[in-house]
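Working notes for the structure below.
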Amino acid sequence: MSSSRIHPVIADVTARIAERSAATRSAYLERIDAAYAEGPQRRGLACSNLAHGFAAVEGVDRDALRALRKPNVAIVSSYNEMLSAHQPLGEYPAWLKKAAAGNGGVAQFAGGVPAMCDGVTQGRAGMELSMFSREVIAMSTAIALSHDMFDSTLLLGVCDKIVPGLLIGALSFGHLPAILVPAGPMESGLPNKEKARVRQLYAEGLATREELLDAEAASYHSVGTCTFYGTANSNQMVVEVMGLHLPGASFVQPRTALRRALTEEAGRRAVTIARGEEYTPLGRVIDEKSVVNGVISLLATGGSTNHTMHLVAIAAAAGIQLTWDDFTDLSAVVPLLARVYPNGSADINHFHAAGGIQFLVGTLLDAGLLHEDVRTVVGDGLNRYRQEPILDDGELIWRDVPTHSLDEDVLRPAWRPFASDGGLRMVSGNLGRAVIKVSAVASDRRKVEAPARVFTTQEAFTEAFKAGELNRDVVVVVRNQGPRANGMPELHKLIPALGVLMDRGHQVALLTDGRMSGASGKVPAAIQLTPEAAAGGPLAKIADGDLIRLDADSGVLEALVSDHVLAERELVDGPPDEASWVGTGRELFGILRRAVGPADQGAGVFGPLTPEHFGTPVHTNMLEVK
């Protein structure tokens, strides 16, 4: 498909991104092109520097690095033993080193990056470090690559903030090619719908803690990524459609022969694309078209709302200015083609079996809904990503997938979608702007007008729910959860109880400056509200009983309170002050909390620190309120 066949709205959005980004993108490309023109960076190292770089290497690899004869591949990994998604990565470096050597290169383990699990930290103090961990991962990646010993990069990571962090860090070395190497999902366990049912029963006091733990353990039961369609699996979807994985690599399970074959092929490919005719620098693979393709894949599958921040931050690291308006306009023309929990009953393994990313790419390309003319880690053109990997007599090959979905309850063609739009909306009004994911929300639940009940913690909400104070139509407001307040934690502890209230027949919605990710499910949740309360946003002045109107279909979010009344109100609460934001390592992240930007700019700490970056300054007395 030529670029002339692309949908006109997608073409227009891509063009305006390029126009708005002209200066920043040009400056970025000049920088990485200059770095490439200097040749392999280790050629410029002094003898002492170079000797340190190969001191621990033995045999022919040592001689090759000393003589600058072979490409040297950096391995940067988020491996750790505790997290199921990252535990399989422990075996990868040995495989990758052997594969690189077999293709005429050398691979060195350049560095590790942290990987925290939102599933473990959910509802706990550690979750307040989660969003900031993306910045730490980016900086850790930069440290690993800063030795100037490398010609290309293998980035080993899967979940949540890890993949965005790896990419942001690697884009500072955008003259180097980079391939993302995933681990794949765990085998299907307890169906996600059943897990959600038990969680809701527990919230009502109708299931024991032991029954709840049994359900959770049957769902999260082995190595690999969790099988629901949250941020981790959205990561894999997005980066593969952006051309940063080998085709079909995302959802092959760990501990299989095919998984190992794909990992080894990534090692070989990293050598091939290091320099020469197939040179594929990361900073050129990630361009305006590939960023738009990533957004489209997210919308077409009902992926994680976290990517309304992560994709903005990744794009910015490549000099590209992506905005929430771009998401809105693309969502209006991109159909919803997948139903994966919480947007349906299937898990990611069912999606993969139905045709997966390869079918999705094919049907979107055929409908003119993806840019085909992009650069990828396997060459030019996205058509290569219509093919799936298989082992044929032990040899890794790629073949075309069927041109029809194998299960239209899970995955559909572009001309017969589940919905005509992507299910991701921006809502705005006198409270600011927020994101709402409606792909799992029933159409009759998308408009809510009800009195507010205001909380500043999930624990306070839970106490009110248990006390029976919320058995009515209600918009639950949880404020001071934004990036400047406390690091913008996910608030999934709210969902089972909110689901109970909905099932009792009440009009229910959630409004917060915090996050929900890809697992928000059936509850209409206006999240990531900006400006956040801690930055002086109007949310800070909302009081119990204020009537709130949320209309996802028309894009409206407003408090039915006059601006004059809001302005005259005293602040009654605020985010934790510096003295109380301590414990679980939070005190070490205070500098990031002070520097972080707003959600619609990626909730990041990198880039110019301007008044627009911060929004309205936080009032001192607001921070002092306990």
[X] side, atom [atom1]; [Y] side, atom [atom2] - distance, nearest 0.5 Å:
X: L382; Y: E372; atom1: CG; atom2: CD; answer: 6.5 Å
X: S234; Y: H310; atom1: OG; atom2: NE2; answer: 9.5 Å
X: F455; Y: L470; atom1: CZ; atom2: CG; answer: 5.0 Å
X: L360; Y: L370; atom1: CG; atom2: CG; answer: 7.0 Å
X: E240; Y: T376; atom1: CD; atom2: OG1; answer: 10.0 Å
X: L155; Y: L166; atom1: CG; atom2: CG; answer: 5.0 Å

Over all heavy atoms of both residues, which pair between [X] and [Y] is shortest? Give the atoms and the distance, please.
X: M242; Y: S290; value: CG-O, 3.3 Å
X: L557; Y: A434; value: CD2-CB, 4.1 Å
X: A533; Y: N480; value: CB-OD1, 3.6 Å
X: R445; Y: V441; value: CB-CG1, 3.8 Å
X: A603; Y: V596; value: O-CG2, 3.4 Å
X: R375; Y: P281; value: NH1-CD, 3.6 Å

Are [X] and [Y] packed together at the side-chain level, in the sense that at least one heavy-atom pair is separated by less than 4.5 angstrom?
X: P524; Y: M502; answer: yes
X: V401; Y: Q387; answer: no
X: N235; Y: H307; answer: yes
X: W398; Y: R386; answer: no
X: L365; Y: Y385; answer: no
X: T24; Y: I320; answer: no
X: N233; Y: F251; answer: yes
X: M127; Y: R515; answer: yes

Only distances under 3.5 Å count here; give the side-chain donor-acceptor pairs of residues 329-338 to other protein atoms, sequence neighbours excluded, each with its distance to 0.1 Å.
{"unit_1": "D329", "atom_1": "OD2", "unit_2": "R16", "atom_2": "NH1", "d": "2.8"}
{"unit_1": "D329", "atom_1": "OD2", "unit_2": "R16", "atom_2": "NH2", "d": "2.7"}
{"unit_1": "S331", "atom_1": "OG", "unit_2": "L424", "atom_2": "N", "d": "3.4"}
{"unit_1": "S331", "atom_1": "OG", "unit_2": "L424", "atom_2": "O", "d": "2.8"}

When you measure from the side chain of [X] to the backbone N and O of [Y], does any donor-acceptor pair fall under 3.5 Å?
X: Q122; Y: H492; result: yes
X: H371; Y: D373; result: no
X: Q481; Y: M488; result: no
X: K437; Y: G302; result: yes
X: D551; Y: V556; result: no
X: D347; Y: F228; result: no
X: R25; Y: A318; result: yes
X: Y28; Y: L171; result: yes
X: R549; Y: A450; result: no
X: R479; Y: I542; result: yes

Do the side chains of [X] and [Y] get close enough for a salt bridge, i.e. N-O under 4.0 angstrom?
X: D563; Y: K541; value: no
X: D380; Y: R384; value: no
X: E532; Y: R484; value: no

May I ask you to check whether [X] and [Y] show a side-chain donor-acceptor distance below 3.5 Å?
X: D513; Y: Q528; value: no
X: E288; Y: S21; value: no
X: S250; Y: H245; value: yes
X: Q358; Y: D400; value: no
X: T323; Y: D326; value: yes

>> Students often mix this up, so state it plainly: with edges at 30° and 60°, are the rings of Y229 and F351 parallel, tilted or perpendicular?
In response: parallel
>> Using salt bridge (Lys or Arg N to Asp or Glu O under 4.0 Å), reason through D473 and R453 one step at a time and then give a plain yes or no.
In response: CA-CA 10 Å; D473 294 350; R453 178 67 190 273; over 6 Å; no
>> For D366 and T363: C-alpha separation, side-chain torsions, deciding distance, then whether side chain to side chain donor-acceptor pair (under 3.5 Å) applies.
In response: CA-CA 5 Å; D366 291 342; T363 191; 5.8 Å; no
> L298 and M237: side chain to side chain contact (heavy atoms under 4.5 Å, CB included), yes or no, with the steps?
Replying inline: CA-CA 7 Å; L298 183 77; M237 172 74 65; over 6 Å; no
>> Would D118 and K161 count as a salt bridge (Lys or Arg N to Asp or Glu O under 4.0 Å) here? Give the steps.
In response: CA-CA 10 Å; D118 291 356; K161 276 61 59 187; 2.4 Å; yes
> How far apart are the C-alpha atoms of L244 and L282, what are their side-chain angles, what is the distance that settles it, and do they pass the side chain to side chain contact (heavy atoms under 4.5 Å, CB included) test?
Replying inline: CA-CA 8 Å; L244 296 166; L282 176 64; 3.6 Å; yes
>> V435 vs M426, test: side chain to side chain contact (heavy atoms under 4.5 Å, CB included). Steps then yes/no.
In response: CA-CA 5 Å; V435 175; M426 305 300 158; 3.6 Å; yes
>> Using side chain to side chain contact (heavy atoms under 4.5 Å, CB included), reason through L311 and V295 one step at a time and then give a plain yes or no.
In response: CA-CA 8 Å; L311 278 167; V295 173; 3.9 Å; yes
